[in-house]
Undergrad: 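Have a look at this one.
Quick caveat, the model's predicted, so the values are computed rather than measured. Numbers here are sequence positions counted from 1.
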Amino acid sequence: MTSRKNIYADIYGHRITLVVVLCLFGLCVAQSSRVKHRRAKAKDDRVYLIHSDELKFDMYGPNPDAQIVKGRVHFSHQGAQLWCDSAYFYQQSNSVKAFGHVRFRQGDTLSLSCDHAAYDGQQQLMTASKNVVLHHRRQTLYTDSLIYDRLYNFAYFQEGGTLIDGKDKLVSDWGQYNTGTREAVFYYNVKMRNGSRVISTDTLYYDTSKSLAHIVGPSKITSKSTVINTSQGYFNTKSDKAQLFGRSTVVDKDKTITGDSLFYNDKTGIAKGYGNVVYVDKKQKNSLNCEEFLYNEKTGYGFATKRALAKDYSQRDTLYAHSDTMKIYTYHINTDSVYRVVHCFRKVRVYRQDVQAVCDSLVFNSKDSCMTMYHDPICWAGERQLLGEVIKAYMNDSTLRYANVKGQALSIEQMDDKKHYNQVSSKEMEAYFIDGKIRKSVAFGNVRAIYYPMDDKDSSLIGLNYTETDTMKMYMTPERKLERIWMPKATGTLYPMTQIPPSKMKLDVFAWFDNIRPVDKDDVFNWRGKGEGSQLKVIKRHSAPLQHLGNPSSPQETPSEPPEKVAKGNSTPQRNKAES
């Protein structure tokens with residue numbers, strides 16, 4: 001029994017010993033794992049002195065805590081390298097003051113050189129001074145004082161700096177550059193040069209990765225022939241595209257475009273404007289207002305819509321023209337023979353004190369100063385109204401000098417009593433003006449006229465003269481009084497004022513559209529069309545006769561007589577048909 005108890009005691013003792021050993025082993029493993037984990041977590045933020053030709057201490061000098069190193073000095077800190085000619089190394093504060101040919105490198109994309117530098121390893125902050133040059137990828141920053149924050153990837157300068165990015169050069173008093181995002185911000189006296197272009201502003205944000213400049217505040221962009229003024233804009237130096245906001249203006253020699261938003265491409269010369277756009281041509285003395293505008297300065301093509309209003313101020317009085325849409329075409333641009341053609345279409349209204357007009361389409365050619373109106377055009381000059389299928393008005397220095405009315409021509413002049421009207425209708429009509437006043441009118445083809453002759457003594461109406469003729473020429477004095485009438489052959493009747501039949505007071509084509517007439521410059525926006533049934537008759541034009549020439553074997557084209565006889569026999573009817 002005794003021996004068995006001893007055996008059990010020994011076994012029990014060994015088990016206790018084994019458990020204790022296992023516990024101690026577990027604690028050691030756990031402790032070792034904690035130490036390794038701490039070491040893995042711990043980051044070495046110490047600045048290391050890699051090399052120097054000379055090292056010494058000066059306990060009694062101005063820097064007793066510093067190690068004084070000289071000759072090919074090299075420091076390292078968290079992947080960054082620092083070289084210089086000499087330095088004070090403060091091992092306790094983990095900082096360095098470097099002097100002479102200081103060079104700093106971080107990775108493969110960033111390097112810095114300067115004359116003096118102070119580096120704080122705890123804050124990862126470098127302060128560089130004198131001849132500072134920071135290279136980052138393709139960007140280079142020049143300044144005399146720079147703070148580089150490695151922790152937040154920011155470089156700051158406050159004593160003037162220059163950033164070179166390819167062909168772009170930016171200069172300012174203050175600025176910062178982020179090496180992570182490659183974005184720069186410049187303040188005060190900012191100038192950005194890109195070739196011949198210069199951007200002047202007080203605040204500029206520049207994304208070097210996209211070559212995109214964001215301008216804030218009153219700014220000016222100048223190039224060879226263009227000046228842009230804006231307070232908010234984006235400019236891409238690669239594509240030469242500008243997006244301008246905040247009521248911006250583009251000036252190209254004698255032409256100016258102003259709008260709430262402008263988009264300009266310097267390479268293509270295309271400018272787009274939105275929101276109260278004003279286009280001014282000082283040389284031609286005209287302007288254009290609209291809500292949407294496009295203009296190509298290289299081709300001279302323009303497009304305007306939404307409350308489009310053209311103004312011509314070459315004379316003492318300004319001419320206003322409005323339509324739904326306007327197009328501008330320029331021919332022989334940048335030459336001495338340059339001229340423009342302006343197309344206005346849909347609901348055209350024109351106003352000036354001496355002349356007004358309404359039509360659906362209008363074309364103005366600056367080459368011959370001709371304004372052609374289509375689709376029920378009406379033109380007013382003083383108390384005279386002209387209408388027809390097509391009206392051509394020729395200007396002399398923006399003063400009406402000649403008008404030609406084709407198709408269903410009708411001229412009406414309202415008398416001073418506002419009750420009687422002088423009227424002339426014909427196929428075609430011409431009117432000649434001197435100093436804006438009509439002095440001669442000529443009517444051709446199926447002329448019918450109603451005229452009220454006046455007494456020379458008291459200007460009272462004598463009667464109504466109704467005349468039919470083929471051609472009529474009327475000459476007027478500067479006071480718009482009839483001077484004389486010429487007709488080759490005419491038939492007519494004179495009715496005394498008390499014996500005028502009511503049916504003879506007006507021609508059957510009489511139409512007075514005084515309610516449509518623009519009354520002032522603002523009224524050009526108020527469209528008033530003709531009433532139902534008062535539009536001009538649609539006259540179908542005779543088509544030109546066709547002469548069939550082809551295979552004589554065709555039954556439809558085989559002449560029954562010799563070709564010479566057929567052509568001779570058909571020539572007269574064909575001409576008569578065309579003339580009719």
Undergrad: Ignoring hydrogens and angles, tell me if any N or O in the side chain of Ser323 forms a donor-acceptor pair with the backbone of Cys344 under 3.5 Å.
TA: no
Undergrad: Do the side chains of Met373 and Val350 get nearer than 4.5 Å, heavy atoms only?
TA: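 Heavy-atom side-chain distance check fails, nothing below 4.5 Å.
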Undergrad: Can you establish whether the number of heavy atoms outside Lys392 located under 6.0 Å from its atom NZ is more than 12?
TA: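 Atom NZ in Lys392 is not crowded, with 12 or fewer foreign heavy atoms closer than 6.0 Å.
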Undergrad: Assess whether ring-ring contact (aromatic ring centres under 6.0 Å, His included) is satisfied between Tyr301 and Tyr295, documenting all intermediate values.
TA: CA-CA 6 Å; Tyr301 170 77; Tyr295 182 73; 8.6 Å; no
Undergrad: Could you report the tightest heavy-atom contact between Pro501 and Tyr495, atom names first, then the distance?
TA: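 Answer, listing the atom of Pro501 first, then Tyr495: CD-CD2, 3.6 Å.
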Undergrad: Given side chain to side chain contact (heavy atoms under 4.5 Å, CB included), test Met487 with Val447 step by step and report yes or no.
TA: CA-CA 10 Å; Met487 292 175 285; Val447 181; over 6 Å; no
Undergrad: A cation-pi test, strictly: NZ or CZ of Lys272 under 6.0 Å from the centre of the six-membered ring of Phe263 and no more than 45 degrees from its axis. Yes or no?
TA: no
Undergrad: Hey, is the main chain of Ser248 close enough, under 3.5 Å, to the side chain of Ser231 for a donor-acceptor pair?
TA: no
Undergrad: Nearest 0.5 Å, what's the NZ-CG distance between Lys224 and Asp252?
TA: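 The NZ atom of Lys224 sits 13.5 Å away from the CG atom of Asp252.
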Undergrad: Working note: Tyr351 + Asp523, criterion side chain to side chain contact (heavy atoms under 4.5 Å, CB included); need CA distance, chi angles, decisive distance, verdict.
TA: CA-CA 8 Å; Tyr351 174 82; Asp523 193 36; over 6 Å; no
Undergrad: Determine, for Arg352 against Asp354, whether the closest basic-nitrogen to carboxylate-oxygen distance falls under 4.0 angstrom.
TA: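 Yes, charged N to carboxylate O under 4.0 Å.
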Undergrad: About how many Å separate NZ of Lys427 and CG of Asp470, when rounded to the nearest 0.5 Å?
TA: 9.0 Å
Undergrad: Hey, are the side chains of Leu400 and Met395 touching, using non-hydrogen atoms and a 4.5 Å cut-off?
TA: yes
Undergrad: Determine whether Tyr451 and Met474 make a side-chain contact, defined as any pair of heavy atoms from C-beta on separated by less than 4.5 Å.
TA: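 They are in side-chain contact.
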Undergrad: Only pairs under 3.5 Å count here: list side-chain donor-acceptor contacts from residues 504-515, not counting sequence neighbours, and write none if there are none.
TA:
from: Asp508; atom 1: OD1; to: Arg448; atom 2: NH1; distance (Å): 3.1
from: Asp508; atom 1: OD1; to: Arg448; atom 2: NH2; distance (Å): 2.8

Undergrad: Are the side chain of Ser211 and the backbone of Asn236 linked by a donor-acceptor contact shorter than 3.5 Å?
TA: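 No: the side chain of Ser211 does not pair with the backbone of Asn236.
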Undergrad: Which heavy atom of Leu386 sits nearest to which heavy atom of Ala403, and what is that distance?
TA: CD1-CB, 4.4 Å
Undergrad: Applying side chain to side chain contact (heavy atoms under 4.5 Å, CB included), run through Leu170 and Lys191 and close with a yes or a no.
TA: CA-CA 6 Å; Leu170 296 99; Lys191 287 191 180 296; over 6 Å; no
Undergrad: Would you say that more than 12 heavy atoms from the other residues, nucleotides or ligands in this model lie under 6.0 Å from the CG of Asn276, or not?
TA: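 More than 12 within 6.0 Å, yes.
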Undergrad: Give a yes or no on whether the backbone of Met429 and the side-chain of Asn404 come within a donor-acceptor separation of less than 3.5 Å.
TA: yes
Undergrad: Does either side chain, that of Asn286 or that of Asp312, offer a donor lying less than 3.5 Å from an acceptor on the other one?
TA: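 No pair is found: no donor N or O on one side chain lies under 3.5 Å from an acceptor on the other.
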Undergrad: Quick one: does Thr305's side chain have a donor or acceptor within less than 3.5 Å of a partner on Asp324's backbone?
TA: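 Yes: the side chain of Thr305 pairs with the backbone of Asp324.
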Undergrad: Side chains of Met476 and Lys437: closer than 4.5 Å at any heavy-atom pair?
TA: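 No, side chains not in contact.
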Undergrad: Counting distance only, does the side-chain N/O of Glu479 pair as donor-acceptor with the main-chain N or O of Thr477 below 3.5 Å?
TA: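 Side chain of Glu479 to backbone of Thr477: no pair is present.
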Undergrad: Any cation-pi pair here, Arg439 with Tyr432, using under 6.0 Å and within 45°?
TA: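 Judged by the rule (NZ or CZ under 6.0 Å from the ring centre, within 45° of its axis), Arg439 is not positioned above Tyr432.
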Undergrad: Just checking Asp254: does its CG atom have more than 12 heavy atoms from other residues, nucleotides or ligands closer to it than 6.0 angstrom?
TA: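 Result for CG/Asp254: enclosed.
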Undergrad: I need the single residue from Asp417, Asn422, Asp416 that forms a side-chain hydrogen bond (donor to acceptor under 3.5 Å, both in side chains) with His420. Which is it?
TA: Asp417
Undergrad: Side-chain polar contacts of residues 362-369 - donor-acceptor pairs under 3.5 angstrom, sequence neighbours left out - could you list them?
TA:
from: Asn365; atom 1: OD1; to: Lys367; atom 2: N; distance (Å): 2.8
from: Ser366; atom 1: OG; to: Arg340; atom 2: N; distance (Å): 2.6
from: Ser366; atom 1: OG; to: Arg340; atom 2: O; distance (Å): 3.1
from: Asp368; atom 1: OD1; to: Cys370; atom 2: N; distance (Å): 3.2

Undergrad: Is the shortest distance from a Lys or Arg side-chain nitrogen in Lys440 or Glu483 to a carboxylate oxygen in the other one below 4.0 Å?
TA: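 Between Glu483 and Lys440 there is no salt bridge, as every charged N stays at least 4.0 Å from the carboxylate O atoms.
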Undergrad: Would you check if Thr258 and Arg247 make a side-chain contact, meaning some heavy-atom pair closer than 4.5 Å?
TA: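 Yes, side chains in contact.
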Undergrad: Nearest heavy-atom pair of Thr268 and Lys298: which atoms, and what distance?
TA: O-CD, 3.3 Å
Undergrad: Considering all heavy atoms of both residues, which atom of Ser411 and which atom of Arg384 are nearest to each other, and what is their separation?
TA: OG-NH1, 3.0 Å
Undergrad: Between the side chain of Arg307 and the main-chain N/O of His322, is any donor-acceptor distance below 3.5 Å?
TA: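 Not a single qualifying donor-acceptor pair exists.
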Undergrad: With a sphere of 6.0 Å drawn around CG of Asp458, does it hold more than 12 non-hydrogen atoms of other residues, nucleotides or ligands?
TA: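 Correct, the count exceeds 12.
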Undergrad: Taking all heavy atoms of Leu262 and all of Gly273, pick out the closest pair and write down the distance.
TA: CD2-CA, 3.5 Å
Undergrad: Just how far is it from atom CE of Met192 to atom OG1 of Thr237, taken to the nearest 0.5 Å?
TA: 4.5 Å
Undergrad: So do the side chains of Val250 and Glu297 get within less than 4.5 Å of each other, counting heavy atoms only?
TA: no
Undergrad: Any donor-acceptor pair under 3.5 Å linking the side chain of Ser219 with the backbone of Gly217?
TA: yes
Undergrad: Just how far is it from atom CD of Gln414 to atom NZ of Lys418, taken to the nearest 0.5 Å?
TA: 4.5 Å
Undergrad: Within the 4.5 Å heavy-atom criterion, are Tyr313 and Val280 side-chain neighbours or not?
TA: yes
Undergrad: For the CZ atom of Phe345 and the CE atom of Met326, what is their distance to the nearest 0.5 Å?
TA: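 So the gap between those two atoms works out to 10.0 Å.
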Undergrad: Under 3.5 Å, is there a donor-acceptor pair linking the side chains of Asp165 and Thr208?
TA: no
Undergrad: Applying side chain to side chain contact (heavy atoms under 4.5 Å, CB included), run through Tyr206 and Asp168 and close with a yes or a no.
TA: CA-CA 10 Å; Tyr206 184 63; Asp168 299 333; 2.7 Å; yes
Undergrad: So His332 and Tyr339, would you call those rings parallel, tilted or perpendicular, with 30° and 60° as cut-offs?
TA: tilted
Undergrad: Test of understanding: with ring pair (Phe, Tyr, Trp, His ring centres under 6.0 Å), list the residues that count as partners of Phe303, not counting sequence neighbours.
TA: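 Ring pair (Phe, Tyr, Trp, His ring centres under 6.0 Å) list for Phe303, sorted by chain: empty.
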Undergrad: Assess whether a salt bridge exists between Lys406 and Glu389, defined as any Lys/Arg side-chain N lying under 4.0 Å from an Asp/Glu carboxylate O.
TA: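 No, Lys406 and Glu389 are not salt-bridged.
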Undergrad: Between the side chains of Asp360 and Arg346, is the shortest nitrogen-to-carboxylate-oxygen separation below 4.0 Å, so that they form an ion pair?
TA: yes
Undergrad: Taking all heavy atoms of Arg517 and all of Gly382, pick out the closest pair and write down the distance.
TA: NH2-O, 2.7 Å
Undergrad: Measuring only between side-chain heavy atoms, which start at C-beta, is Tyr475 closer than 4.5 Å to Ser441?
TA: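 Tyr475 does not reach Ser441 side chain to side chain.
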Undergrad: Please determine, by modelled atom types, if Tyr394 and Asn396 share a side-chain donor-acceptor pair under 3.5 angstrom.
TA: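 The answer is no; no qualifying pair exists.
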Undergrad: Spell out, as yes or no, whether a donor-acceptor pair under 3.5 Å connects the side chain of Arg349 to the backbone of Trp527.
TA: no
Undergrad: Roughly how far, to the nearest 0.5 Å, is the CD1 atom of Ile215 from the CZ atom of Phe245?
TA: 11.5 Å
